[in-house]
Every structure is written in structure tokens, then in C-alpha cells.
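Here is the structure we will look at.
Reckoned from all heavy atoms, side chains included, excluding hydrogens, waters and symmetry mates.
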Amino acid sequence: MQLKKVKKTAICGFAAALSVVLMLFTTALPVLMYVLPLVCGVIVLFVSFIAGKRWAIGVFFSTAVLSFLFLADKETALVYVLFFGYYPLIKESVEKTKKAFSWIIKLALFNCAAVAIGWLGVAFLGVSGEEYSEFGALTIPVLLAMANLVFFLYDILLKRCAFFIPIVAKKLWKILK
């Protein structure tokens, strides 16, 4: 789809604003701290299809900066910045390799991001380190295992969304004409 720069700018501005507003909901519903950055990653994927990767990267960075400025819960912004915001943009490139190797890369990337989120949260954002030892020595491995399950489901979600995005994009294209 060929969109003019004005329309691309409008779509990207709307997507960035929507992403920040969605992540602001974590102030009222902290349980959505990991879910809403994931949803915002799907928005980045949508922008990538509609306007192109360069514009989607702009949405990612603007959402990241605005999230750190406006969100009370900085850990939500950290989750978005360190993984869920940019992963939809690199997923396709990673999957160009062999399937087994691509999963090794994806899991290594995710696990490094998950550990970094936990460490940065404790070191700089005031997250209590006691949360990671509440259930003993198995707390961190169990949390990582559950996080990997969520990542696996997220990867499937992105694949399914990639199927529906062209359908939604065509309807949006008709509206924008």
C-alpha cells in the first residue's frame, strides 16, 4: 500500500499515542504490566505492515520515550523497550534462518531480555529482590519457564496477527482514502 507521508505520520502518531495510553492502564491495573507491552508490540507490527519498518521503528522509539516519561510504573516501559516493542520488527529476519536455529536465537534473545528486565528492575527501579526469592531457590527458574511459555504463545500470536493484518489494513486503507 502506498500512503502519503502525511497519512503515515498520522497513523504512526495515533499508534504511538494508543500504545502509551494502553500502557498507562497499568497504573490502575498492575496485573497488566506484561500484557499491555505485548499488545503494543502487535500495534508496532501493524504499523510495520501499513507504513513500513522505518516508520514502525519510529513508533517503537517514540512509544519508548513517552512511556518512560509518563508511566508511573517504569517496569512496564522497561518490558516494552527491552523486548516486546522491537521483537515484532526483528521476528521476520530471525525466522529466515533454519527453524531450529531461529528458535535458539529467539529464546536466547528473550531470556537475556527477561533477565535484564529483572536485574534492572531490582537495581534501578526499586523492585524488591525478595519477590524473586519468595518461593525459595526454584523461584527464578519457574518464573523463567512461565515467561518462556508466554513468549512461545506471543510468537504464535504474532504469526496469527500477521495473517489478519492485511485484512484490517485494507479496511483502514478504504477509510483513509
If you look only at pairs with a residue in residues 12-23, which of them pass as a side chain to side chain donor-acceptor pair (under 3.5 Å), with sequence neighbours excluded? none
Do Met23 and Thr63 come within less than 4.5 Å of each other through their side chains, counting heavy atoms only? yes
Starting from the C-alpha separation in whole Å, work towards a yes-or-no answer on side-chain contact (heavy atoms from CB on, under 4.5 Å) for Val35 and Thr26. CA-CA 9 Å; Val35 174; Thr26 60; over 6 Å; no
Strictly by salt bridge (Lys or Arg N to Asp or Glu O under 4.0 Å), give each pair with a member in residues 139-157 just once, sequence neighbours left out. Lys91-Asp155, Lys106-Asp155
The side-chain contact (heavy atoms from CB on, under 4.5 Å) partners of Val142 (sequence neighbours excluded) come to Leu138, Met146
pair Val59-Ile11: side-chain heavy atoms closer than 4.5 Å: no
Report yes if the side chains of Val20 and Leu69 come closer than 4.5 Å at any heavy-atom pair, otherwise no. no
Quick check for you: to the nearest 0.5 Å, what is the distance between Asn111 atom CG and Asn148 atom CG? 4.0 Å
Tell me who clusters with Phe163, hydrophobic residues only, linked when side chains sit under 4.5 Å apart either directly or through other members. Phe164, Ile167
Considering all heavy atoms, the nearest Tyr80-Gly41 contact: CE1-N, 4.3 Å
With ILVMFWY side chains joined below 4.5 Å, transitively, what does Ile105's cluster contain besides itself? Val94, Phe101
Rounded to the nearest 0.5 Å, what's the gap from CD1 on Ile43 to CZ on Phe14? Could you check? 8.0 Å
Rounded to the nearest 0.5 Å, what's the gap from CG on Leu18 to SG on Cys40? Could you check? 7.0 Å
Answer whether the closest heavy-atom distance between the side chains of Leu78 and Phe68 falls below 4.5 Å. yes
d(Leu149 CG, Leu153 CG) to nearest 0.5 Å is 5.0 Å
Nearest 0.5 angstrom please: Leu24 CG to Thr76 OG1, how far? 9.5 Å
Are any non-hydrogen side-chain atoms of Ser48 and Leu89 less than 4.5 angstrom apart? yes
What residues form a ring pair (Phe, Tyr, Trp, His ring centres under 6.0 Å) with Phe152, not counting sequence neighbours? Trp103
With sequence neighbours excluded, what pairs up with Ala147 under the side-chain contact (heavy atoms from CB on, under 4.5 Å) test? Phe110
Using side-chain contact (heavy atoms from CB on, under 4.5 Å) as the criterion, list what pairs up with Leu45, not counting sequence neighbours. Pro88, Leu158, Cys161, Ile165
For Tyr86, what residues pass the ring pair (Phe, Tyr, Trp, His ring centres under 6.0 Å) criterion, not counting sequence neighbours? none
Would Ile90 and Tyr87 satisfy side-chain contact (heavy atoms from CB on, under 4.5 Å), going step by step from the backbone distance to the final call? CA-CA 5 Å; Ile90 66 166; Tyr87 178 72; 4.3 Å; yes
Pairs where residues 16-43 contributes a residue and the test salt bridge (Lys or Arg N to Asp or Glu O under 4.0 Å) is met, not counting sequence neighbours: none
If you look at every heavy atom in Val44 and Ala56, which pair is closest and at what distance? O-CB, 3.7 Å
Flag the pair Phe84 / Tyr34 as yes when their ring centroid distance falls below 6.0 Å, and as no otherwise. no
ILVMFWY cluster, Ile104 and Ile156 together (side-chain gap under 4.5 Å): no
Taking the side chain as every heavy atom from C-beta outward, state whether Leu36 and Val79 have any pair of such atoms under 4.5 Å apart. no
Please enumerate all residues that pass side-chain contact (heavy atoms from CB on, under 4.5 Å) together with Leu29, with sequence neighbours excluded. Leu32
Salt bridge (Lys or Arg N to Asp or Glu O under 4.0 Å) pairs touching residues 52-74, sequence neighbours excluded, are none
When rounded to the nearest 0.5 Å, the distance separating CH2 of Trp119 from CG of Leu125 is 10.5 Å
